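Presented below is the structure to which this report refers.
Owing to the predicted nature of the structure, the values given are computational and were not obtained by experimental measurement. Below, chains carry the letters A, B, ... as their sequence lines are ordered, and counting in each starts from 1.
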2 protein chains.
Amino acid sequence: MVEEALTAERILEAAEEVLRRFGPAKATVVDVARALGVSHGSVYRHFPSKTALRDAVAERWLARVSKPLAEVAAEKGPAPERLRRWLDLLIELKRKKARDDPELFATYRELVADARDVVRVHVETLASQIAQILADGVEQGAFTIEDPVAAGWAVFHATTKFHKPSHASEWSDPGIDAAFEGVWSLLLGGLGAREAPAKTRKKPAKK
Amino acid sequence: MVEEALTAERILEAAEEVLRRFGPAKATVVDVARALGVSHGSVYRHFPSKTALRDAVAERWLARVSKPLAEVAAEKGPAPERLRRWLDLLIELKRKKARDDPELFATYRELVADARDVVRVHVETLASQIAQILADGVEQGAFTIEDPVAAGWAVFHATTKFHKPSHASEWSDPGIDAAFEGVWSLLLGGLGAREAPAKTRKKPAKK
DNA sequence: GCGATGACAAAAGTCAACATCTGTCAGTCC
DNA sequence: GGACTGACAGATGTTGACTTTTGTCATCGC
């Protein structure tokens, strides 16, 4: 005993490490148990199935994306600039994962592909973070949309290509940043962006 | 002799039929030759490899999408309404294929997935059709964008979710049409759409 | 002479015997 | 007595001998 009790948290950490090392195809519940020095039956006391364990790992991974974004969404500065930073951060987080460790990224993709419910919640979280920024923007007089929630979803959908992992192979295209600028420019216009009441300005004139 | 000469065109037709019946995993060059009553060696007189044959079939399929769209792009009416019809048609063509014969659609997806060059050309064709509509719109005073080509790509990218086959599983979501309306609304705003000089009006006020 | 053939080597795909894994549960151990 | 074990049945994966396919080319027949 003592030896640190077997908790869901410890199992998740071990599971993540095992997935990282063996990949989703080779990682077994027995491997996870072995890494913890217990029998695989014990793992089943904490997770009802291997699928549930994988879902929980996927959830952790997604939280590492949505949490830093939540901070940007909660800030108080000018909404257009904040929306841009939020999108840049989302895209950068995804690209970084894909670039720095493609194998791990592939593991992550397989995992979340099976965790549809977890993904649904994650995506709803992201869309509502955008909606929050947009609502702030309306309040600031920087945006003129009527329905921030609907517009939040629209921004999310319109930028799918730039953040959804199934498009990862396109992220190394040389024109990808220009493509995003084009979409950003249309979206900003569509949100009815205008100079905020007074205050900060950011970019110099374009072109 | 006579008996109709063996042409690339006839081989393509047979190949398409064989793919339709057996699927891309089971369709062989020998099957195609058998359907034509020739030896498989003969097929290789017209196509250097099985891959080239598959690419050619993919190209035909894609042409069946881009040709009807080219007609809409070439029309002369008000650009905003035409852009909307063009997008609706693109989306409808894709959805119809996916809905009416999911197996054939899966075959088509596998084929084009391997035909990257063919797809690149197809996508460039579509983006330039949008650009043409946008340029007309600028001329008509209906759009205020500076660079119709860049904006054409932006419209294409922003609507990826609604026409790219890898998103087909999302097309049966109940909210998909509302999602498109949201994106459309932002895009139209971003293009600087204003009532055309005089003339037609379409939708009643929203909400 | 030229399109077509079919035998062939190398590559790719199949499948059934075998091995491993998941999930359960009666029983152990502290 | 409750956390943990490990033997087990059924499900899932792996392996390697075998079959099929691709792509070539010397030869054929019109």
Under 3.5 Å, is there a donor-acceptor pair linking the side chains of B:H167 and A:H167? yes
When you measure from the side-chain N and O atoms of A:K26 to the phosphate of C:dT20, is any distance below 4.0 Å, counting only OP1 and OP2? no
Whether A:K50 contacts D:dA11 is assessed here as follows: a side-chain N or O lying under 4.0 Å from the phosphate OP1 or OP2. Is that the case? no
[X] [atom1] - [N] [atom2] separation (whole Å):
X	N	atom1	atom2	result
B:Y44	C:dG3	OH	C1'	18 Å
A:R54	C:dC21	CZ	P	15 Å
B:L36	C:dG3	CG	P	17 Å
B:F47	D:dT24	CZ	P	15 Å
A:R34	C:dT20	CZ	P	12 Å

In plain terms, say whether B:R60 and B:E13 are close enough for a salt bridge, that is, a side-chain N and a carboxylate O under 4.0 Å apart. yes
Can you build the contact string for nucleotides 3-10 of chain D? Use B for base contact, S for sugar-phosphate-only contact, and - for no protein heavy atom under 4.0 Å. SBBBB---
Decide if atom [atom1] of [X] counts as having more than 12 heavy atoms of other residues, nucleotides or ligands within a radius under 6.0 Å.
X	atom1	result
B:R116	CZ	no
A:E139	CD	no
A:R99	CZ	yes

Looking only at atom types and distance, does a side-chain atom of A:D31 sit under 3.5 Å from a main-chain N or O of A:T28, one as donor and one as acceptor? yes
